[in-house]
Amino acid sequence: MARGVIPRQPAKTGRHEAARKVELRAAKLPRDGGRSQRNTLPVAAKPKAAPAATTKPGKAPAGYNPLAPERVSEILKRLEATYPGATCALHHHNAWELVVATILSAQCTDVRVNLTTPELFRKYPTVQDFAALKPEALEPDIKSTGFFRNKSKSIVGAAKKIVADFGGQVPDNMDDLLSLPGVARKTANVVLGTWFHKNDGVVVDTHVHRISRRLELTQSDDPKNIEQDLMKVIPRDKWTLFSHEIIWHGRALCVARNPKCADCPLENLCHAADKTWSTVDIHKNAK
Ligand code: SF4
């Protein structure tokens, strides 16, 4: 649905009401963090039936604060209940493999990356193997992930620098990670948060970008500013977890087009302008 269009009202047949009587059920991620189920997962936690409210797009009412700690805390609580154990969906066995997989995931699905990396890491098991390559030699192996020329340059360049400057070990701090070719804050945050368990920032991918705006946690359209905004309102110890949960949410329910709002556990906290179902007021700037 185009943004700004008035969301669909509950059906008069009561069809939606029936659907909404389903109890909140937490999604159970498998022990591998959901990797085996890839993008098919999560489970929708359905909110209890609530009375429909006006859904005409409008300004947020005076006094409404989307960044109020209680609201943010409730969002985090519901996400944790819906996506327990959410973690990075990219398959990896060490920090270097995660760097490679994250670089490959740009403009590509995690499913596609996970189909590509097993053979890639079998062929080139170590960072030294990648460092010894010319970028052109890597291109055929990663072609299916798209943008393979740039990705080859980034991966081989990063491998060379890790071998030359960091003793073959992926650095565990933001500044050194950002010095690697092809590594920007998104990749650095994925590696620091997922592998090194350091909350240095918030991963802002396409899902986090879209959903943070829908939830009015940011008004910005720039990933760097979005990350700064999120770091101000999300408690630091939740930064990595929040990213993973939102990414799962973006795949399962809060998809880019026609989000599944009737099944969303955040529905009555969300005033997004492009909701497909709403029991609360719509805020035209929440997009
Ligand atoms: S209610 Fe809809 S738009 Fe809002 S977070 Fe849920 S799925 Fe996304």
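Positions are given from 1 along the sequence. Start at 1 and go down the list; that is how both ligands and their atoms are numbered.
Below 4.0 Å from some heavy atom of H249 lie the following atoms of ligand 1, by number and element: 5 (S), 6 (Fe). For ligand 1, the atoms lying closer than 4.0 Å to a non-hydrogen atom of E267 are 1 (S). Applying the 4.0 Å criterion to heavy atoms of K275 picks out, from ligand 1, the atoms 1 (S), 3 (S). Close approach of ligand 1 to R214 is summarised as follows: ligand atoms under 4.0 Å from at least one heavy atom of the residue are 3 (S).
Here the side chain of S105 pairs no donor or acceptor atom with the backbone of C108 at under 3.5 angstrom. At distances below 3.5 Å, not a single donor-acceptor pair connects side-chain atoms of K198 with backbone N or O atoms of N173.
Only the side chain of C270 comes within 4.0 Å of ligand 1, counting heavy atoms alone; its backbone N, CA, C and O stay farther away.
Summarising the local packing, NZ of K160 is surrounded by more than 12 heavy atoms from other residues, nucleotides or ligands at distances under 6.0 Å. Within a 6.0 Å sphere centred on CZ of F147, heavy atoms belonging to other residues, nucleotides or ligands number 12 at most.
Remark: R185 does not engage D200 in a salt bridge, criterion side-chain N to carboxylate O under 4.0 Å.
The nearest heavy-atom contact from the protein to atom 6 (Fe) of ligand 1 is C264 SG, 2.4 Å. Distance from atom 8 (Fe) of ligand 1 to its nearest protein heavy atom, with residue and atom name: C254 SG, 2.3 Å. Of all protein heavy atoms, the one lying nearest to atom 2 (Fe) of ligand 1 is C261 SG, 2.3 Å.
Between F121 and H92, the distance from one ring center to the other does not fall under 6.0 angstrom.
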